Number of protein chains: 2
Amino acid sequence: MFHIMVVEDDQALNKLICRVLIKNNYEVVPAFDGEEALSLLDQNYIDLIITDLMMPKVDGYDLTKELRESGYQLPILVVTAKDTFPDKLKGFKLGIDDYMVKPIDVNELLLRVEALLRRARIIYEKKLEFPHVCLDYINLTVTVDGKSQILPQKEFQLLYKLLSFPNQTFTRQQLMDELWGYDSETDIRTVDVHVNRLRDRFREVPYFQILTVRGLGYKGMVEK
Amino acid sequence: MFHIMVVEDDQALNKLICRVLIKNNYEVVPAFDGEEALSLLDQNYIDLIITDLMMPKVDGYDLTKELRESGYQLPILVVTAKDTFPDKLKGFKLGIDDYMVKPIDVNELLLRVEALLRRARIIYEKKLEFPHVCLDYINLTVTVDGKSQILPQKEFQLLYKLLSFPNQTFTRQQLMDELWGYDSETDIRTVDVHVNRLRDRFREVPYFQILTVRGLGYKGMVEK
DNA sequence: GAGAATTATGAACGTTATATGAACGGCTGA
DNA sequence: TCAGCCGTTCATATAACGTTCATAATTCTC
């Protein structure tokens, strides 16, 4: 779901934080100093960073500075033993979002991570992520290899439904019930038309497709 | 400048916080319980709330709940003596943004206020900068490739909002709420008219645009 | 392989959402 | 006080969408 980078040179603490995050359904990318963090950031999509301040090579301050100066706006949460006001001042002035003093309560960490994601409007993006493909429910947007397009609502909802449960066959009636409402009087074949349009739209995209299950309905398939 | 409401039943602390904020150029609206806070919120434009949890009549939890349920998205910073995890959990789940435990360092409070305003894009910098394009909130000025023009207020605010969160779709209602006020009775279609005028105005500019998300609202796009 | 059943596809249509132009009235500053 | 700007409303034009329908293509059954 959300991708969080944990930058912390203390191996044990790094591992602890990562484990807690993973347990709470975050995707985690660990790094052990600021330099590694910067290079990993280029290669991974990251929603939020949790970072220590004191670290070898590039420290937390410089990491923050680098990121903000190169335009990264992602939330940065500092976890550190430094408890003096000047440290906090420096951190906040560089553009961090939150500051926790060790020893930290990992449960509070989770709460603060969530609050930051919410505030940065990252968390409300109901998303479906696959390799090469991402569906954004809020924006009705399908992104394939970085290229986004907005779909009409019905088409989007249909695709979203089918890809939410890949390989599971849905009858037309099921789809009608869920997307059109249980009492809809719309012709059941309307589903076909939308499926057809989706196929047209993504004819060239190899990463997913909608299969017909004759006699039953349709099913979504991802990344053969 | 920015308008901050301080909700705290301890008169001395309330006064202290207000004084510090005023000294740092914030406009302050004090309230001494949640009920008063709610009624003052209707009458004043507020950017951020600092609130205690334990208060007579409506407490901090209920205040937060009320606000979030009626659509207010402004940052809420809790200042409280309650230091247990369940308290924090409850607070964050209700939608607070930050949590400080008494006794607090007012200087750190200032830093956190600043961080929240920045993150909520309540224009701490009062500027939005992209390649080729810069929006100056103070002067209502949009600069494209060095050429500046002043926009009418509503048009400017709308553009500013949309470009503050590029690629995020805003419903007309959200935009109305934030730019016109939660209780505004202005026709929702007024948003369309302003969008239309902005498009007219920047028709020739390739660096940003406002896209329609049919059935939902609008979103800003920067530098395709 | 023929006919029946099912699905695919393209075109057309009505509906709804949005875009656009024009006009009105209030406010502001000269 | 008046002109001009601004925000708003309204009426109408336009475009997008969802649906239906007719027909073609495919698959299944016997």
Side-chain angles (χ1 to χ4, degrees), chain A residues 137-142 148-162 169-204 209-221, chain B residues 45 137 139-142 148-162 169-204 209-221:
Chain A
Y137 199 89
I138 301 291
N139 293 304
L140 305 181
T141 298
V142 178
S148 293
Q149 60 174 310
I150 300 176
L151 264 57
Q153 251 178 33
K154 276 281 181 297
E155 264 179 71
F156 182 87
Q157 291 172 351
L158 182 58
L159 184 63
Y160 196 92
K161 182 76 199 168
L162 290 170
T169 301
F170 293 91
T171 64
R172 288 175 182 73
Q173 195 55 56
Q174 280 177 314
L175 294 167
M176 284 296 299
D177 286 350
E178 293 201 43
L179 305 184
W180 276 261
Y182 288 89
D183 48 358
S184 162
E185 295 179 5
T186 304
D187 191 318
I188 195 90
R189 288 288 149 191
T190 299
V191 178
D192 299 34
V193 177
H194 288 296
V195 165
N196 186 39
R197 289 189 181 154
L198 280 168
R199 285 173 172 165
D200 253 1
R201 197 184 288 276
F202 298 106
R203 191 85 61 188
E204 311 298 325
Q209 51 183 315
I210 300 173
L211 299 185
T212 301
V213 183
R214 199 186 160 84
L216 282 180
Y218 298 100
K219 69 175 174 181
M221 293 212 58
Chain B
Y45 176 75
Y137 200 90
N139 299 306
L140 304 181
T141 299
V142 178
S148 294
Q149 60 174 308
I150 299 177
L151 266 55
Q153 205 172 357
K154 276 281 182 289
E155 263 179 73
F156 182 87
Q157 291 175 345
L158 182 57
L159 184 63
Y160 198 94
K161 184 77 201 166
L162 290 171
T169 302
F170 292 90
T171 64
R172 289 175 180 73
Q173 194 57 56
Q174 281 177 315
L175 295 166
M176 285 296 300
D177 285 350
E178 295 197 41
L179 271 47
W180 276 260
Y182 290 88
D183 48 358
S184 162
E185 296 181 4
T186 304
D187 190 317
I188 196 91
R189 289 286 149 192
T190 299
V191 178
D192 298 34
V193 177
H194 289 294
V195 165
N196 188 38
R197 289 186 181 156
L198 281 168
R199 284 173 171 163
D200 252 1
R201 198 183 288 276
F202 297 105
R203 190 87 57 189
E204 311 299 325
Q209 52 181 319
I210 300 174
L211 297 187
T212 301
V213 183
R214 187 172 229 267
L216 285 181
Y218 297 101
K219 70 175 174 180
M221 293 213 59

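In this text the structure is predicted, and so the values were computed from the model without any measurement. Labels below follow one simple rule: chain letters A, B, ... track the order of the sequence lines, proteins then strands, and each chain is numbered from 1.
Rounded to an integer number of Å, the gap from B/Leu211 CG to D/dA16 P is 13 Å. Between the P atom of C/dA5 and the CG atom of A/Leu216 lies a distance of 18 Å, rounded to the nearest Å. Atom CG in B/Leu158 sits about 15 Å away from atom C1' in D/dC6, given to the nearest Å. Rounded to whole angstrom, the span from the CG atom of B/Asp192 across to the P atom of C/dA22 amounts to 18 Å. One interatomic measurement links the two molecules: CG of B/Leu179 to P of D/dG7, which rounds to 11 Å at whole-angstrom precision. When the P atom of D/dC17 is taken as reference, atom CD1 of A/Ile150 falls 9 Å away, rounded to whole Å. To the nearest angstrom, C1' of C/dA8 lies 13 Å from CD1 of A/Ile210.
Taking a cutoff of 4.0 Å between a charged side-chain nitrogen and a carboxylate oxygen, B/Asp200 and B/Arg197 do not qualify as a salt bridge.
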Worked verdict on B/Tyr137 versus B/Tyr160 for ring pair (Phe, Tyr, Trp, His ring centres under 6.0 Å): CA-CA 8 Å; B/Tyr137 200 90; B/Tyr160 198 94; 4.9 Å; yes
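Residues B/Gln157 and B/Glu178 have side chains not in contact (no heavy-atom distance under 4.5 Å, counting atoms from C-beta outward). When side chains are defined from C-beta on, B/Val191 counts as touching B/Trp180, because their heavy atoms get closer than 4.5 Å. Using a 4.5 Å cut-off on side-chain heavy atoms (C-beta onward), B/Val142 and B/Phe202 make contact.
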Per-nucleotide protein contact string for nucleotides 18-30 of chain D, where B marks a base within reach and S marks sugar-phosphate only (heavy atoms under 4.0 Å, - for neither): BBB-----BBS--
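Put simply, B/Asn196 has no side-chain N or O that comes within less than 4.0 Å of OP1 or OP2 on C/dA19. Between B/Thr212 and the phosphate of D/dA16, there is no side-chain N or O to OP1/OP2 separation shorter than 4.0 Å.
In B/Ile150, the CD1 atom is not crowded: 12 or fewer heavy atoms of neighbouring residues, nucleotides or ligands sit closer than 6.0 Å.
Considering B/Ile210, B/Thr212, B/Val213 as possible partners of B/Lys219, the one that fulfils the side chain to side chain contact (heavy atoms under 4.5 Å, CB included) test is B/Val213.
Note on A/Tyr218: only backbone sugar-phosphate atoms sit closer than 4.0 angstrom, heavy atoms only; bases stay farther off.
Nearest-nucleotide assignment on DNA chain C puts the 5′-proximal partner with A/Asp200, out of B/Arg199 and A/Asp200.
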